[in-house]
Participant: 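To start, I am sharing the structure in question, which I have written as structure tokens.
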Amino acid sequence: MKYLLRILGILFSLATIALALYLSINDYNPADQAMRTWSMITMCGAVIFNGAYFYTRRKDNRGLISLIVGIIILVVVVFKFPF
């Protein structure tokens, strides 16, 4: 379970980096708002899964705080920003 959380955290981190590179290479386009939203969602996924991994590995409060903050930011992003 811990390894699955770690792998998912790494994959979400790589997806965030790929989307950030894609958005930085292209010129500003209002249609890219959906890509920015997906970039924020993948960033939240990385924070959530890496926090869950560190919490299950060490029972560390920093991992739990990271997990909670990632979920709160994810809820804000889903309700605030358009797809």
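No experiment lies behind these values; they were computed from the predicted model shown.
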Participant: Taking side-chain hydrogen bond (donor to acceptor under 3.5 Å, both in side chains) as the test, write out the residues that go with S39, two or more places apart.
Facilitator: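 S39 satisfies side-chain hydrogen bond (donor to acceptor under 3.5 Å, both in side chains) with no other residue.
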Participant: Can you run down the side-chain hydrogen bond (donor to acceptor under 3.5 Å, both in side chains) pairs that involve residues 9-20, sequence neighbours left out, and say none if there aren't any?
Facilitator: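 Sorted result for residues 9-20: T16-T42.
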Participant: Cluster partners of L11, using ILVMFWY side-chain heavy atoms under 4.5 angstrom, listed by chain and number?
Facilitator: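 When side chains under 4.5 Å apart are linked, the cluster holding L11 also contains I7.
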Participant: How long is the span from the NZ atom in K59 to the CZ atom in F54, to the nearest 0.5 Å?
Facilitator: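 Going from NZ on K59 over to CZ on F54, the span is 14.5 Å.
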Participant: Check whether any side-chain heavy atom of M40 sits under 4.5 Å from a side-chain heavy atom of F81, and report yes or no.
Facilitator: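 With C-beta onward as the side chain, the pair touches.
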Participant: Rest of the hydrophobic cluster containing I17 (Ile/Leu/Val/Met/Phe/Trp/Tyr, side-chain heavy atoms under 4.5 Å)?
Facilitator: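 Answer for I17: L21.
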Participant: With F49, which residues qualify under side chain to side chain contact (heavy atoms under 4.5 Å, CB included), at least two apart?
Facilitator: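 L5, L8, F12.
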Participant: Using residues 61-80 as the side-chain source, report each donor-acceptor pair under 3.5 Å to any protein atom, sequence neighbours left out, with the distance given to one decimal.
Facilitator:
| unit_1 | atom_1 | unit_2 | atom_2 | d |
| --- | --- | --- | --- | --- |
| R62 | NE | D60 | OD2 | 3.0 |
| R62 | NH2 | D60 | OD2 | 3.1 |
| S66 | OG | V47 | O | 3.3 |

